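Notes to accompany the following structure.
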Amino acid sequence: MNLHEYQAKEIMRKYGLPVQKGKVATTPEEAEKIAMEYNGPVMVKAQVHTGGRGKAGGVKYAETVDEVKNYSTSILAMKIKNLPVKKVLIAKAVDIKKEYYLAVIMDRDKKFPLVMASREGGMDIEEVAREKPEAITKLWVDPVYGLFPHQAKEITLSLFDGKTLALQSVNIVIALYKLFAECDAQIAEINPLALDGEERLWVTDAKVVLDDNAISKHPEIESLRDPDPGEEKELAAKEAGLSYIPLFGDIGCVVNGAGLAMATMDLIKKYGGEPANFLDIGGSSSPEKVEKALEILLTDRNVRVIFFNIFGGITRCDDVAKGIIQATTKMKIELPMVARLTGTNENKAKKILKGSPIVPVPSMREGAIKAIELSKAG
Amino acid sequence: MNLHEYQAKEIMRKYGLPVQKGKVATTPEEAEKIAMEYNGPVMVKAQVHTGGRGKAGGVKYAETVDEVKNYSTSILAMKIKNLPVKKVLIAKAVDIKKEYYLAVIMDRDKKFPLVMASREGGMDIEEVAREKPEAITKLWVDPVYGLFPHQAKEITLSLFDGKTLALQSVNIVIALYKLFAECDAQIAEINPLALDGEERLWVTDAKVVLDDNAISKHPEIESLRDPDPGEEKELAAKEAGLSYIPLFGDIGCVVNGAGLAMATMDLIKKYGGEPANFLDIGGSSSPEKVEKALEILLTDRNVRVIFFNIFGGITRCDDVAKGIIQATTKMKIELPMVARLTGTNENKAKKILKGSPIVPVPSMREGAIKAIELSKAG
Amino acid sequence: MSILVDKDTRVCVQGITGRDGSFHTEKMVEYGTKVVCGVTPGKGEKNFLDIPVYDMVKDAVKKEGANTSIIFVPAKFAVDALFEAGDSGVKIVVCISEGIPVLDMSRVLKFYRERGVMLIGPNSPGLISPGKSKVGILPSNIFRKGNIGVISRSGTLTYELVSHITKSGFGESTCIGIGGDPLIGLKFIDGLKLFEEDSETEAILLVGEIGGHDEEDAADFIRDNVSKPVVAFVAGKTAPPGKRMGHAGAIISGGAGTAKEKIEKFESVGIRVASEPEEVGELFKELL
Amino acid sequence: MSILVDKDTRVCVQGITGRDGSFHTEKMVEYGTKVVCGVTPGKGEKNFLDIPVYDMVKDAVKKEGANTSIIFVPAKFAVDALFEAGDSGVKIVVCISEGIPVLDMSRVLKFYRERGVMLIGPNSPGLISPGKSKVGILPSNIFRKGNIGVISRSGTLTYELVSHITKSGFGESTCIGIGGDPLIGLKFIDGLKLFEEDSETEAILLVGEIGGHDEEDAADFIRDNVSKPVVAFVAGKTAPPGKRMGHAGAIISGGAGTAKEKIEKFESVGIRVASEPEEVGELFKELL
C-alpha cells in the first residue's frame, strides 16, 4: 500500500523524525491559509502516487502567499502520469546546504531488512546504485534482534564528515528502522534528508510503502488508503479475495493462480489477441468468488469475450462451474464465454456446465485461440 | 529488588492478568473500609518481604467486617521473621476449587528465561521440585524471539484437563512473560493461580523480583521500593556505589571485591573473630567512595576495629589510602585501623599512609589476626 | 531416489480439521502419502479421517515419528505455526498458507536457518515425488513418475506445464512449488542443487515469473554448477510495469525483474526458454 | 602454549579514552600486550597513547587485524558494545563492564553462541597468560610464568590466591576471571576443558563462591574429564543466607549454593579445598 508524501511524513513525525513543517490542502484557499501561517517561503507539492512530480511541474518553490495560491491552483488542476492531483502539500521551505539519502527496505536475497544510506541524496537512488554503487552504504539488520545502536552509528558516520553531527543523528536511523519494523513497511525512505545552514537535519521528502499482508495488524493504517482512479475496482476485487488489474484489451480473463493468469495473458498476446485484464481468483475459490469476479470484469465495457482458464488444485473446478452458472443466472451475461476447466473435480464441473452456452475447450492454447476468434467475430 | 505482593499484583493487573480484587491498608480502619466495599469474605494478608507469612499467622480468612478489623489489628502489630508488618492487603476471597503454579524465571544454566508450570499450586515450588519433579512443566524461551503463542499453549495444555480452559488461558502465560521481559524481572510468579467454581482463573498470590541492574531502565519502578528496617543503610551504600551488608560481629571490614570481602569474613571467623559486615567498595574506587564506606561503617556501634583489605587491580591503592586519610581528617575516628594494601600503586599508598596511626600489615592472614587482637584488646 | 520427499516421508498436517487442510489430507492419503497425524490445538487426542490429531507438532514428532509438516492454517496463525513446526524436530516444513507479512517471514527464515530446517514456501502448492509421496495440494493425476525435476515459483502454472511434460511422454522425479512470496525458504538455487545431485533426475524444468532476480541467479548457478539439461519458462511478458500480478513477489520496479530480462539471461547462458506452456514438452523431446 | 591469549593476541580496547579504559590500556601495553587499537565512537582517526582509535570495532578488525576485544564502557552502553564486538570478527571478547541486566545478557549470549565467539565476563577482571599477554585489569606484578591454570568467579580474591601460588614458587599458565554475574560467557567447565588440553598447564586452581551450582557442575566435570590435579577455594562460608554478597551471582536461595555444599561436593570427588587463601600454595606443594 502506497502512502502519499504527507502521510509518510505524518507517520515519521510520530516516530520523532525531524520532518519539515507542512500541511496538506485540497483547495488553493486552504493552501493560502497554510502559507500565511508559515510566513515565509514554502514548497507546493502535488500529492500523487507516482514519481517524477518535479519534472511534471508538480513541485514548486513559492516566495509569497500569492505565488502559493497560483501554484496550488495550477497543480490541483494537473494530471501527473494520468493521475489527477487532489491534494497539495504546503511545506515550510528549508534552506538546504546538502542532501542525503536514508532508507530501510526488505532485501529479498539476504532475507533481512537493509538500511541504505548515501551522501548522494535528493536524486533517484536506483540511478546512484547503477552508476556509483560505492556511494551507497548498506547494512543488514537481523530482524529478531532489531537494529543495534552501533549499526545506526555506522550509518551516520558514513554519511557525515562531522563526528558531532554523526553522533547526534543516530536517533534518526533508529527511528526510521523502528517505523519500518513496527508498521510492517516494505520501504521507509527519506530522500532527501536535508542539512540546513545551522547543521540541522530535516526530512524534506519521504516515502513509505506498507505491506498489504500486514495491514490487518495495523487497523489504524487502513484509513490512510487513498485509492487512485481505477484502483477502486482493484480494491473491490481485493476485498472479495481476488486479484484484479485492468488492462487495455478486449479478452476478459478469469484464471486461478497469478502465474497461470500471466501466462494466459502472454498466450493471448502471442496469438494476436489483447487481454482485458489480469484476474486471479486465488486458491480455495467458492462459487461466490467466481460470481464476484465476473461482476467486476463486466464493469469493463471493452470486454467482448470471457476466457476461464482454471487448473484445479486447491481450487475445485466444480466450484468455478457453479459460480459461472450462478452468475449467468443472476446477471444477464450476453458475452460469449470460453471455459477450460481441468484438475480437481474436473468431471463434476463438466456436468454442471453441460447444456449451458459456455464453450468448453480442452487446452489453454485452444482456449486462447477460441477466445481471440470470438473477440474478433463479436 | 523485592516487591510486596500488592505491588506485584498491581503490575500484573497492568499486564491484563486476572488478579483478584484487593487493596492495601496501613491501619485497621482502612482495612475495615475496604472490607465494607467488597461486601463479602476477604483475605487479610501481611505485606512483608519474606515467605512463611501463613505459618506465622500473617494470612487470615475473614467472613465479617469485624473479623477484618480484628485480624488487621493483630497482623499490623506483628513481626514476621523480624520484619514489622506495615501494610495488610485486603483481597476479595476467591472460592478456590484448584490451585496451579505459574512462573517465569531466568535459568542460569541454559542462559534463557524459563517458564515453569505445575498442577501442584499453592505450595512451596522448591519442595515440589525436590519431591515430584515430574509435576513441573518446564519450557525455555529464546529471549530474542520472545515467547511464542504455541509455547504458551503448551503450558496451558499441560496445566488444565479442559481444552477450552487451556485455550482461553493462553493469554495469562503470554502476559506473564511480557511482564517478565518488559520489566526486566528475575522472577515473575503466580502461586497459586486459582480456579474457582465457575471455571475462572484468578491470581491470588504473586511474587515479582526485579533486576537491580535494570532499574535505571524503568525509572517508574524505583518508587515501588520499600526498604526493610536496616536495609536503608544497604541502600545508602548502594547509591554510593558500595555493597554493604551489616552482620553481628565487631570487626568492620573494608574490602575491594565481593569474593575477597567474603574470604576476609571467612578468615576472621577462622581465627576466632566476628566480622561486623560485608563491605565491597567495588572497582575503580575514588577516595570519596572510601570515605563514604567508612561513614556507613561507623554508624554501626558494635564496630571496635576496622580492617582494610585491598588487593589493587582496577582499584588503586593510593586512592584508598587518600580516602582513609581524608576520612580520618574529617570524621574523628578513634577506632584502631589495620590496613593491608597491595597491588596497583601499592607504593604510593604506603607513602600516603606513612605517619598515620593506621597499622600496616603485609598479608590478609596477618591483618585478620591483628584485627582480632585489637578487637579483643580495645 | 527423488528429492526431499519419498516413501519414508512421515507427514504431520497442521490445520488438519480446517476446510483446505481436511480436503487435501484426504487427497494426500489417497495418493499414498504417509500422513501420520494432524495438529489442531484443543482437538488433540481425537481422530480425524482415522488419523490421530494432536495439540502440538512436538507430539506429532514424538508419538508418530513425523519428519515433515505441512501447514494449512490461516495467515493470522501461520507465523506461529511456522515457528512451532520449525522447533518441533521435523526436518522439512511445507507452508501452503499465504498472506504472511514479509517482516514476519524474515524472522521465521532466520529461525529455520538457525535450526537447519528446510522450509518450502510460504504460499507454496507443496511438492510431489510421483509414485512416492505428495506433500501439498498439487493435483495428483497430472503427474507421472519420471526423470524431469520441476521447480517453480508458481502454482497452477506449474500444473499446466507438468501436464504438457506428462502428455509428451515424460514424467517427473520431483516437482516443487517454491511459492510466490518475496521471502521464501527453499529457492531455485537450493532446488537445482538437489536435482543436480539426484540420480533419478535427468533434466530440469524451471518456471519463473516477473519480479526479483532469482531467475537470473538461477541462470548463473546453472551455467556454473548444473550439468543436466534445463528448460525454462517465464510468465509475465505482457505484465505492465509497477503492478503486482497477484504474488507479492511479482513486482517489476525500476526496470529490473522483467520477463524479457529473465528470458534473455536464460538464453545467454544457453538455457532453452519455452515461449508458451505447450512448447515445454517439445523442448524436452529435443533435449532428451 | 597457554589458553585463549598469547603473543599473537591483537587487542582492541572498547572505551579506550575513558578513565578505566585508558589506565588499563597503559598497563596492558607496559606488560607487552599487543594493543593494536582502541574504539571510541566519534573519536575515530585520532591517536591515544600512540594507539590508533577508531569509531567502530569493525574497523579495528579490518585495519589492525584485532582478534580480541576488551570492553571498558559504562553499563548503559555495554550491551551494545557487546553486540558490536560479537559481530565485528574478533574471536574473543572480554567484558570488564559490570551492572548489565540479566535479560540483556541472555540475548547477548545467544548472539555469541550463534557466531561462535567466546565471551569472558561480563563483570570479569579479564585474563592473563604470564609473560605473553594480559587482556584485563589484573595486577601484572603478582603473576609469574608457570604451569598452574587458574579459573575464578572472583576478581581481587583471585589476585590474593595467585600471589600465594607465586610466593610458593609456582607460576601460572593462564589465569582467567570468568566474572561474578549470574549469566556469563565462558564458565568453569569451558575453562577446565581448555586447561586439560593445554600442554603447558600441569595443575589447576578453581576459585568459587556461594550461589548457583557451577562449582558442583565443575566438580562433576573434573571427576569425569580432568586428569590434572585440581585445588579449589570457595568464598562465603560466613555469608548469611538470602543476601547478595556484591555479585549478582552470589545468592543463596532455598538452601542451594552454600559454600558448605560446594566444599563438600569438591571433597566428595577428591578435590582438595583450601581453607584459607595462604593454604593454596601449600596444597600445590603437596600435589606437584
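Just so we're on the same page: letters track the sequence lines, and every chain starts at 1. Note: hydrogens, waters and symmetry copies are ignored here, and every other heavy atom, side chains too, is used. Model, not experiment: these values are computed from the prediction.
Residue-environment remark: NZ (C:Lys34) exceeds the threshold of 12 foreign heavy atoms within 6.0 Å. Other residues, nucleotides and ligands place more than 12 heavy atoms under 6.0 Å from the NZ atom of B:Lys217. For B:Lys98, the NZ atom is densely surrounded, since the number of other residues' heavy atoms within 6.0 Å is greater than 12.
Put simply, the side chain of B:Tyr145 never gets that close to the backbone of C:Phe83: no donor and acceptor are under 3.5 Å apart.
For C:Phe111, the parts lying near chain B are the backbone and the side chain together; criterion is any non-hydrogen pair under 4.5 Å. For C:Lys110, the parts lying under 4.5 angstrom from a heavy atom of chain B are both the backbone and the side chain.
For residues 147-159 of chain B, heavy-atom neighbours of chain C at less than 4.5 Å comprise B:Phe148, B:Pro149, B:His150, B:Lys153, B:Glu154, B:Leu157, sorted by residue number.
Evaluation of the ring-ring contact (aromatic ring centres under 6.0 Å, His included) test over residues 92-132 of chain B, restricted to residues two or more places apart or in two chains, returns B:Tyr100-B:Phe160.
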